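Some notes on the structure that comes next.
Keep in mind that the numbers below use all heavy atoms, side chains included, and drop hydrogens, waters and symmetry copies. Predicted model only: the values in this text are computed from it and were never measured.
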Amino acid sequence: MGFAEAPAVGCAWPTWYDLLWIARFLLQIASLRESGAGTRADRPTMKKAASISTAGRGVSQAQTELQTCGIPVGVRDDDGCSSSRRTRTIAVVWLSVVILSVIWQPFVLGFYMDDWSVNVECAHHGLAFSTERYGCMFAVDPLRPGLIPLRYLLSSLFSDLPILWQGAILLAKCSIGYLAGLLIYTLCDWKSPTSRLVACSAGLCWGLFPWNAAATFWPTMLPITLLMAVYAGVCILTIEYWRRLKSGALLAGLVSLWLCVSYEAFYFQWVSIVLFGLVLIRSGRARLREVGITAGALVGAQGLAVIWFAVSRRFGYNTVKEVQPGWFARVVDGLSRLPSALLGSMGGLKYIFGTAVAIAFVIAAFVYWRSLTDALKREAAARCLFFTLISLACGLASIVVFCLGGRLVTSLGVETRVFFVFSFWLAVAGGVTLLHTLHQLSNRLLKTVFSTAVLCIGGCLVAGQVKLAGDWATSWRMQQRILAEAPVSEMKKTEPDASILLVSPLDFNGAPIFCAPWDLNNAMPLTYPVLQGRTFVVYSRWGGPMEGDQKTLGYTGQPPLANGPAVYVWRPLERSFWKPAGHFTVHQDLSITAVP
């Protein structure tokens, strides 16, 4: 039986003029030139390179001195990677596959869990860009002031239309993927169209990682996802400032403060920028003065954010997570769960995916080792290795921050929010390693095996993304079916303050259906205004058995969740709605038994 459509709620079409600023920002990022002979920072190095090349010394000695100057040798300037035409073809095919795997998602995905209270409910408070709408957004989360303007803007533009929210998520995924690729390209030494295409291909994996589902399917995460794009852009701009002997401290400090007072996952992410700067100083691509000024601004911004966190706790609002008791055990537990969570999100492909990752890792490690033992390649290899390790360390640091706040490390559902920063740095680390390995791997057999493993990894990510997106699409259809087939005529006859218990599956393969009271309590009256005043209770198997009677509801051994004039039980799968005659128990398998 097909799913019926739920009644539509009112909305206003947005104007797209306000999105032009974002497009202009991305174009400015894309047009940044690599620091070459035209930048002041590189002129001493280039002059030294010219003197070396004209000094009449031996080739090997000249190559050694060029390498000491931080200029990669043995790398073709035109195409970078050997077999560049084949590499470009594979990259273009990959980009096409990625586009086909995600382009359909805005048309089938919808709202989930917090979306009903944050996005849909607030869209019915005042007109777009009104003070009433802003007041609603402020009430949602006043202790994260950096998110309020973004939520207000998105709500005013997209109202309660899921296709617009999901379309914006798709654009955000593409933007972050592009910016991650541009950061990879900026960090690495090889500058060519082929290298840029490969870096962009690696960066797009951020939007394909199945363990990153919350950031790629859940509209509530859209403002935070956009901040991830801002963070990536500032990383790139800061490096470009350093190359031009400018600090960019004001921009970096202000953006860092904005990120930290918006979402705690950005705490201490400024460390990556500073560590990148130290590596660039060693290679002659930045100076200590500019990096030091920027570091001071970033530390100051982090200090202000910590002060805001400490002061805001006095307001008694619990959206900002504080460090939980037993934090060390939580961190150890979270990090120990990390490998199983990553593989678990791949479903039946986890063994193929794990094997391909292991093969690619061994070959890349071998290439790093060979490069580090070669005097001509050691400098470039050490830089790439440091960039990779810094990226992985910052990704793990974001996991630690989530664990300190009591978040779970899991492979499915909205709790995969813990991976959205980690996934960005994983894409950067993988892209830097990919470029280095492709440039330095000369053995034809090993290169074929490595390329095959990388393509296998990409295929598994695409398949996992499509499968998981299908699960979230099914979850959205199930929500629509529950809303469309609700026994409204019978519910209207219930007492105004009655409690209605929903007994139904909470999720579909991890994708949330109606799994919390705040989503159903917003979805039902918004869809059927006549049901205002009824309280909906969602049974969760994680709470254990639930007991109730004609007036009360509560989990066994816990305080009552409802204590009103009447209790009703609603089972959408059985299409049943009834008032219990006496005491009853809801079991964790969703069965209900009456107690005499």
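- Remark: R407 is not positioned above the aromatic ring of F402, lacking an NZ or CZ atom under 6.0 angstrom from the ring centre and at most 45 degrees off the axis.
- Separation of atoms OG (S411) and CG (L343) is listed at 9.5 Å; rounding is to 0.5 Å.
- When each of L204, T216, L208 is checked for a side-chain contact (heavy atoms from CB on, under 4.5 Å) with K173, only T216 meets the rule.
- Ion pairing of E240 with K246 is absent here, as no side-chain N (NZ or NE/NH1/NH2) approaches a carboxylate O to less than 4.0 Å.
- Using a distance-only test at 3.5 Å, with no hydrogens or angles considered, no donor-acceptor pair links the side chain of S256 to the main chain of A252.
- Looking at T437, its side chain never comes within 3.5 Å of a backbone N or O of L434 through a donor-acceptor pair.
- Ring planes of F209 and W211: parallel class, angle under 30° (limits at 30 and 60°).
- Here W218 and Y112 keep their ring centres 6.0 angstrom or further from each other.
- For W472 and F217, the ring centers are positioned less than 6.0 Å apart.
- Between S192 and S195, the side chains place a donor N or O and an acceptor N or O closer than 3.5 Å (distance only, hydrogens not considered).
- Distance CD/Q105 to CD/Q166: 8.0 Å, rounded to 0.5 Å.
- Between the side chain of S340 and the backbone N or O of R337 there is at least one donor-acceptor pair closer than 3.5 Å.
- Between the OG1 atom in T238 and the OH atom in Y241 there is a gap of 8.5 Å [rounded to 0.5 Å].
- No side-chain donor from either of W425 and S272 sits under 3.5 Å from a side-chain acceptor of the other.
- Here CG of L197 is found 9.5 Å from OG1 of T89. Values are rounded to the nearest 0.5 Å.
- In this structure F450 satisfies the ring pair (Phe, Tyr, Trp, His ring centres under 6.0 Å) test with no other residue, sequence neighbours excluded.
- Side-chain rings of F387 and F276 approach one another, their centers coming within less than 6.0 Å.
- Between W242 and T294 the shortest heavy-atom distance is NE1-OG1, 3.2 Å.
- Ionic pairing of R378 and D374 is not present here: no N-O contact between side-chain nitrogen and carboxylate oxygen is shorter than 4.0 angstrom.
- Between the CG atom in L385 and the OG1 atom in T433 there is a gap of 8.0 Å [rounded to 0.5 Å].
- Checking side-chain atoms of W206 against main-chain N and O of G177 turns up no donor-acceptor pair under 3.5 Å.
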For this session: Give the intermediate values and the outcome of ring-ring contact (aromatic ring centres under 6.0 Å, His included) for residues F158 and W165.
Result: CA-CA 6 Å; F158 304 147; W165 284 92; 5.6 Å; yes
Under 3.5 Å, sequence neighbours excluded: what are the donor-acceptor pairs made by side chains of residues 346-367?
unit_1: T355; atom_1: OG1; unit_2: Y351; atom_2: O; d: 2.8

For this session: Test side chain to side chain contact (heavy atoms under 4.5 Å, CB included) on Y368 and Q440 and set out the steps.
Result: CA-CA 9 Å; Y368 268 124; Q440 300 292 359; over 6 Å; no
Problem set entry | Candidate pair V230 and W258, rule side chain to side chain contact (heavy atoms under 4.5 Å, CB included), full reasoning | CA-CA 10 Å; V230 173; W258 180 24; 4.1 Å; yes
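- Closest non-hydrogen pair, L245 versus R287, comes out as CD2-NE, 3.4 Å.
- When only modelled atom types and interatomic distance are considered, R144 and S262 share no side-chain donor-acceptor pair under 3.5 Å.
- For L150 against P223, the heavy-atom pair with the smallest separation is CD1-O, 3.5 Å.
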Problem set entry | Test side chain to side chain contact (heavy atoms under 4.5 Å, CB included) applied to Y231 and V255, step by step | CA-CA 8 Å; Y231 172 73; V255 172; 5.9 Å; no
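- The two residues A341 and F419 make their nearest non-hydrogen contact at CB-CZ, 4.0 Å.
- Here the closest heavy-atom approach between residue A229 and residue L179 is recorded as O-CD1, 3.3 Å.
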For this session: For Y263 and V421, run side chain to side chain contact (heavy atoms under 4.5 Å, CB included): C-alpha distance rounded to whole Å, both residues' side-chain angles, the deciding distance at 0.1 Å, then the answer.
Result: CA-CA 11 Å; Y263 205 60; V421 177; over 6 Å; no
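- Applying the ring pair (Phe, Tyr, Trp, His ring centres under 6.0 Å) rule to Y152 yields the partners Y134; only residues at least two apart in sequence or on another chain are considered.
- Shortest non-hydrogen contact noted between A214 and G413 is CB-O, 4.2 Å.
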